[in-house]
Amino acid sequence: LAKTTQPISMDSYEGQEVNITCSHNNIATNDYITWYQQFPSQGPRFIIQGYKTKVTNEVASLFIPADRKSSTLSLPRVSLSDTAVYYCLVNTGTASKLTFGTGTRLQVTL
Amino acid sequence: DVKVTQSSRYLVKRTGEKVFLECVQDMDHENMFWYRQDPGLGLRLIYFSYDVKMKEKGDIPEGYSVSREKKERFSLILESASTNQTSMYLCASSPLDREAEQYFGPGTRLTVT
């Protein structure tokens, strides 16, 4: 299983750009990188998925360097409502191998 | 929008009771999943199903069983509830070829006393 490592927590002020980096040193050739967001008392929500270089959607951007051993989730101009736990996953291609770690708890303040 | 619903948000059961947790999705997804989430442990996969009547064990299947008689419905069964099964239970679904793009329900917080 490709293990992921990400910071336990991060703090930011409203309006700033937040970058959360995830390490996945033993990522396999066919693996994708997926990020989820979870608010208290809710199920996780799919944010973005990528394989290499850069992916952008209306919520976030995902940067993946050429060696794919890490990835960075970028949240532009965060607001208080972005306070949540963010999970990085590496998908090994079979549903049984999706592993959610303990995630990064992002706290956004005024 | 994809919608995954779970039968209860909160449930309190006694030790030894048989517990059914129901999950329904409305997007015709092939894959369905049951997780439990505990503080400090993240989400752990209990079982998943990629088709009607098909099931696969996840990381922590002991003490649980599942049933998938219809594509849209996936049930988690605790045959004899124990206090260590007190947890938040989350159901999810995903398309067959995008198993990492999972859509989660709101969760059921189960307390076993």
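Just so it is clear: chains get the letters A, B, ... in the order the sequence lines come, proteins before strands, and each one is counted from 1. Values in this document were obtained by computation on a predicted structure and should not be read as measured data.
Using a 4.5 Å cut-off on side-chain heavy atoms (C-beta onward), A:Gln38 and B:Leu43 make contact.
Using a 4.5 Å cut-off between heavy atoms, B:Gln37 touches chain A through its side chain atoms alone. For B:Arg9, the part sitting under 4.5 Å from any heavy atom of chain A is the side chain, from C-beta outward, and nothing else. Residue B:Leu90 touches chain A through its side chain alone, counting heavy-atom pairs closer than 4.5 Å.
The same ILVMFWY cluster, assembled from side-chain heavy atoms under 4.5 Å apart, contains both A:Val59 and A:Trp35. Cluster membership check: B:Tyr10 does not share its hydrophobic cluster with B:Val12, using side-chain heavy-atom separations under 4.5 Å among Ile, Leu, Val, Met, Phe, Trp and Tyr. In the hydrophobic clustering of this structure, B:Val52 does not group with B:Trp34; members are Ile, Leu, Val, Met, Phe, Trp, Tyr whose side-chain heavy atoms approach within less than 4.5 Å, directly or through other members. Note: the hydrophobic cluster containing A:Phe63 does not contain A:Ile27 (ILVMFWY, side chain heavy atoms under 4.5 Å, direct or indirect links). A continuous path of Ile, Leu, Val, Met, Phe, Trp and Tyr side chains, each step under 4.5 Å between heavy atoms, connects B:Leu45 with A:Phe46, placing both in one hydrophobic cluster.
Taking the six-membered ring where the residue is Trp, B:Phe104 and A:Tyr36 present perpendicular rings, their angle passing 60° and hence far from 30°.
Considering CE of B:Met88 and CD of A:Gln42, their distance stands at 10.0 Å, rounded to 0.5 Å. Of the inter-residue distances, the one linking A:Ile47 atom CD1 with B:Glu101 atom CD reads 12.5 Å to the nearest 0.5 angstrom.
Among residue pairs with one or both ends in residues 23-108 of chain B, those qualifying as disulfide (SG to SG under 2.5 Å) are B:Cys23-B:Cys91; sequence neighbours excluded.
Taking non-hydrogen atoms and a 4.5 Å limit, the residue list of residues 6-18 of chain A in contact with chain B is empty.
When the shell of 6.0 Å around CZ of A:Arg105 is examined, it contains 12 or fewer heavy atoms from other residues, nucleotides or ligands.
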